[in-house]
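It should be emphasised that the depicted structure is a prediction, and the values quoted were computed from it without experimental measurement.
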Amino acid sequence: MGAPDLSEASRLAPTNLGLYYLRTVYTPESDAQFALFLVRLRTYVDYSIDADLRPTPFMPPSTEPPFDNGPNEEMKRRFVNDVVEGPNLDGADTDAVRNAFVKWLEGEGVDMRLHQLYARHRVCIMVDKAVLNSVAAAPKDPSEDHELDSVWVKAVECLAPGESEWQAWLKVGLNAIEYFWFNVFAGEEIEDMFTAMMEDGEEAFTG
């Protein structure tokens, strides 16, 4: 396999931001929970994106000067939560999710030699029963008082051949999905986020 053509990086970059969500549980109960999960996910991500428009965390976003919500609305439009699901993922563990995600990316024509450049191709979110239960118990309104590390998803890092082996997944607070995406986009090592989380005694990465 030859070296990647870095001149193609801009052309091959995903047009959407956000992450892919791989569903691993398929039961009548999970169907209802998964629908709720997607609604709550969108609510928490949008709340996070609008953070700089709030004079305080408990106030609604302002669109009056000096606040300009144009960039926030564009970010929300492009921050897409795409779902990947299928019988091959039913009951999958983190390793199986990682392998399925790599195969899915390859099927979409993603050059895995460049995947580390794009957060959308570097990590995915695993949605299993534990994740569904955690998010189902979350406050409907993200501004309500709650333990940030008690509501979480599983972020699974995609490791190409030759890349370092470690646990390769971590819990990410639902409130921190956008912040986590930016960290990955900026090139921060996910293993370092995991280490910081453990050193802080947190159950999940919350930014």
Side-chain angles (χ1 to χ4, degrees), residues 17-51 57-58 76 79-101 104 119-120 122-158 166-185 188 190-207:
L17 310 178
L19 299 167
Y20 290 100
Y21 293 76
L22 278 68
R23 179 182 175 186
T24 68
V25 57
Y26 300 86
T27 63
E29 179 188 12
S30 73
D31 288 343
Q33 281 190 309
F34 191 71
L36 174 63
F37 169 83
L38 293 176
V39 170
R40 203 146 286 178
L41 170 68
R42 185 75 258 175
T43 299
Y44 275 65
V45 167
D46 288 353
Y47 180 84
S48 177
I49 291 174
D50 282 339
F58 304 103
K76 286 189 281 189
F79 204 96
V80 179
N81 303 314
D82 284 318
V83 175
V84 179
E85 53 189 342
N88 63 308
L89 287 168
D90 191 9
D93 60 15
T94 52
D95 288 335
V97 165
R98 182 180 301 106
N99 293 336
F101 186 50
W104 188 84
R120 196 166 170 81
R122 185 176 157 198
V123 295
C124 66
I125 301 299
M126 175 179 178
V127 184
D128 60 7
K129 183 173 178 60
V131 169
L132 291 178
N133 288 341
S134 174
V135 174
K140 181 178 180 180
D141 183 348
S143 69
E144 290 183 25
D145 186 39
H146 66 284
E147 294 294 333
L148 297 181
D149 62 355
S150 68
V151 183
W152 45 266
V153 298
K154 291 180 180 178
V156 178
E157 183 175 19
C158 173
W166 68 286
Q167 175 173 302
W169 69 273
L170 79 161
K171 292 180 180 179
V172 177
L174 194 64
N175 71 300
I177 292 290
E178 184 224 5
Y179 185 79
F180 171 76
W181 180 91
F182 267 112
N183 279 12
V184 177
F185 174 76
E188 183 169 342
I190 299 171
E191 184 176 3
D192 292 342
M193 296 186 226
F194 174 80
T195 300
M197 179 194 80
M198 296 297 292
E199 289 176 348
D200 290 342
E202 295 184 334
E203 293 295 323
F205 174 82
T206 58

Item to check | Straight-line distance of Lys129 NZ to Thr27 OG1, nearest 0.5 Å | outcome: 6.5 Å
Checklist entry - Which heavy atom in Asp90 sits nearest to a heavy atom in Val25, and how many Å separate them? => result OD1-CA, 4.2 Å
Checklist outcome for this item: In terms of heavy-atom contacts, Arg40 and Ala138 come closest through NH1-O, 2.9 Å
Next on the checklist: Please give me the minimum heavy-atom distance between Ala96 and Asp93, naming the atom from each residue.
Outcome noted: N-OD1, 2.8 Å
Item to check | Interatomic distance, Ile177 atom CD1 to Ile125 atom CD1 [nearest 0.5 angstrom] | outcome: 4.5 Å
Item to check | Arg98/Glu157 salt bridge by N-O under 4.0 Å criterion | outcome: no
Next on the checklist: Quick check against the 3.5 Å criterion: does Ser48 have a side-chain atom that pairs as donor or acceptor with the backbone of Tyr44?
Outcome noted: no
Item to check | Over 12 non-hydrogen atoms of neighbours within 6.0 angstrom of CD in Glu203 | outcome: no
Checklist entry - Stepwise, does the side-chain contact (heavy atoms from CB on, under 4.5 Å) test hold for Trp169 with Met126? => result CA-CA 9 Å; Trp169 69 273; Met126 175 179 178; over 6 Å; no
Checklist entry - Any donor-acceptor pair under 3.5 Å linking the side chain of Thr206 with the backbone of Gly173? => result no
Next on the checklist: Which label fits Phe101 and Trp104: parallel for a plane angle under 30°, tilted from 30 to 60°, or perpendicular past 60°?
Outcome noted: parallel
Next on the checklist: Between Trp152 and Val131, does the side-chain contact (heavy atoms from CB on, under 4.5 Å) criterion hold? Intermediate values first, please.
Outcome noted: CA-CA 6 Å; Trp152 45 266; Val131 169; 3.8 Å; yes
Next on the checklist: Looking at Glu188, I want to see if its CD is surrounded by more than 12 non-hydrogen atoms of other residues, nucleotides or ligands under 6.0 Å.
Outcome noted: yes
Next on the checklist: Keeping Ser134 on the side-chain end and Ser150 on the backbone end, is there a donor-acceptor pair under 3.5 Å?
Outcome noted: yes
Checklist entry - Distance from Leu17 atom CG to Trp181 atom CH2, nearest 0.5 Å? => result 4.0 Å
Checklist entry - When you measure from the side chain of Tyr26 to the backbone N and O of Gly91, does any donor-acceptor pair fall under 3.5 Å? => result no
Checklist entry - Run the side-chain contact (heavy atoms from CB on, under 4.5 Å) check on Leu170 and Phe180 step by step: do they pass? => result CA-CA 11 Å; Leu170 79 161; Phe180 171 76; 4.1 Å; yes
Checklist entry - Looking at NZ of Lys171 and CZ of Phe194, how far apart are the two atoms once the value is rounded to the nearest 0.5 Å? => result 10.5 Å
Checklist entry - Going from OG1 on Thr24 to CG on Asn88, what distance comes out if it is rounded to the nearest 0.5 angstrom? => result 11.0 Å
Next on the checklist: Counting C-beta onward and ignoring hydrogens, is there a side-chain heavy-atom pair between Met193 and Val184 closer than 4.5 Å?
Outcome noted: yes
Checklist outcome for this item: Sequence neighbours excluded, the answer for side chain to side chain donor-acceptor pair (under 3.5 Å) partners of Asp31 is Arg23
Next on the checklist: For Val97 and Lys154: C-alpha separation, side-chain torsions, deciding distance, then whether side-chain contact (heavy atoms from CB on, under 4.5 Å) applies.
Outcome noted: CA-CA 11 Å; Val97 165; Lys154 291 180 180 178; over 6 Å; no
Item to check | Residue list, side chain to side chain donor-acceptor pair (under 3.5 Å) with Asp82, at least two apart or on another chain | outcome: Arg120
